[in-house]
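A short worksheet on the structure shown next.
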Amino acid sequence: MKLQVKNVHKSFGHTKVLNGISLDVAEGEMTCLIGASGSGKSTLLRCINLLEPVDDGEIWLDGAEIADPALDPQPIRQRIGIVFQSFNLFPHMTAEENVMLAPRRIFKTSRDALRPTVEELFDRFGLKDRMHHYPDQLSGGQQQRVAIVRALAMKPEIMLFDEITSALDPELVNEVLQVLKSLKQDGMTMVLATHEMAFARDVADKVCFLDKGSILEQGTPADIFSNPRQERTRDFLARVLGPR
Amino acid sequence: MSDSNKGPTRRQAHERKLKRRSMILAAISTSVVVAALVILIPLTPGWERVKQSFFNWDIVVRTFPKLLNAFLLDVAIFAWSVPLIAALGLAIALARDVRDPVFYPLRLFGILYTDIFRGVPVVLVVYLIGFGIPGLGLQRPFNSPYLWGTVALVLTYAAYVAEIFRSGIESIHASQRNAALSLGMSPSDTMRFVILPQAIRRVVPAQMNILIALQKDVALLSFIGPVEIFRQAGVFKSLLASFTPYVVAAAIFLVVTIPATRLADHMLAKQNRARS
Ligand SMILES: Nc1ncnc2c1ncn2[C@@H]1O[C@H](COP(=O)(O)OP(=O)(O)O)[C@@H](O)[C@H]1O
Ligand SMILES: [Mg+2]
């Protein structure tokens, strides 16, 4: 398994947000987390990336435990890319500088040495003519693609995506989802929290339904979307997909 | 679009009418007030004396060159204080944000520093340091009140500047920090390349207001020695038995501070517009 989450618990103050989550993600697989707002999807992704410390439980990446509070999180975060709903580009830097900052500082690579790889990434995601623009000169869809490129430039082993299309105008959603499909073809291991049910059904290898901090049900998209076993899963799907 | 080429829209015409009316009203009321002042003030019993003492044109002409010259010392003190204040203020602001327990003393120092220097009137700091340290009997040039007076200003203003930097740092949304950390960047690189550049930009107008206050407070050094403009005006006052040199000094300050204040306000307004 590329990533294993084992019985993870997390509270904010007295609010229990993750209640014994266990999840296996195989190399090259796309796992979609679905569930109502507030069910803990973002918190789970932030815990995997070590932006939030877990209270209890273990997280294993490539056969090594990473959530041990005694470990230095920095080198681990370099191996795990995350993209947020609100893009979070650095507004005072051009798209290219946004992408180059972390590799420059962490790997001590020069701009010139980075440029070919970075240009290739921009080109691949249709951003070649936007490299020298500032974030506020880009559309939401372009900003989100730059954010993905920024995470990819660190050559992560696994990518996490937290509702990356939720802040986009509807006509811009597709260009970002295309990027995810293309990454999947590369064999990238991905975990994404999403409300794009049609996308999850068509592209995901595995779908997990989160409810109040627990994974209530998981399986193939066919299992979850066509044969949900749990009452609450059926309720949730009926609410987001409408009556069928 | 085609409509607007034909002339002002109905709303534009209406707004133009309102604007013309309010301008006429403002002009009338201003003229009335100014006329009243010009006519009434000279009627007061003490006016002749005040005029002689504060607005004596001969004395203006005689003292202006030397006062302007003395003002250059204010400008010089100001100019070499600013980079020191900026550097020290930033260092104190960063010291107060250190989380590592090893550096707790640094943090404590930052807190004490800002509390003390913001809590004591500038003039007291100038007195205590400006008279106190030269009183230790140090050798030239370390006995110069000019030097220690400037140090007093730097120490005091660094405390205010530090607080503004800190408010700027805190105003940067946590998501920026998270984005940098999630890429694997170190906390110090995150501060240096992501948080600080945004924070500093954001507080430039507020820092400009502090600099304007500093420009005025340089005159406090006159109490401990350097013959800057306020001190020079005092010399002229004793010599000529007139307050006019003080008015000249005030006017010289205003020529610098009014444009600077306008610039700061303008930058702040621009920033507020950009953010909303
Ligand atoms: N930093 C935080 N402090 C306190 N409560 C939080 C914090 N982050 C998330 N929560 C709470 O945790 C719960 C799960 O949130 P989240 O993981 O964002 O859910 P989702 O992404 O599925 O909408 C919510 O009730 C939310 O209010
Ligand atoms: Mg969320």
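So that the names make sense, note that chain A is the first sequence line, chain B the second, and so on, each numbered from 1.
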Rounded to the nearest 0.5 Å, how far apart are CG of L183(B) and CD1 of I82(A)? 10.0 Å

Does atom CZ (F12(A)) have a neighbourhood of more than 12 heavy atoms from anything else shown, all under 6.0 Å? yes

For Y104(B), is the OH atom crowded, meaning more than 12 foreign heavy atoms sit under 6.0 Å from it? no

Report every donor-acceptor pair between chain B and chain A with a separation under 3.5 Å, backbone and side chains included.
| unit_1 | atom_1 | unit_2 | atom_2 | d |
| --- | --- | --- | --- | --- |
| Q176(B) | NE2 | L89(A) | O | 2.9 |
| G184(B) | O | Q78(A) | NE2 | 3.4 |
| D189(B) | OD1 | R105(A) | NH2 | 3.3 |
| D189(B) | OD2 | R105(A) | NE | 3.0 |
| F193(B) | O | H92(A) | NE2 | 2.9 |

Could you tell me which portion of [X] (side chain, backbone, both or neither) has an atom closer than 4.5 angstrom to a non-hydrogen atom of chain B?
X	value
L50(A)	neither
F84(A)	side chain
L89(A)	backbone

Where do F90(A) and A179(B) come nearest, in terms of heavy atoms and distance? CE2-CB, 4.0 Å

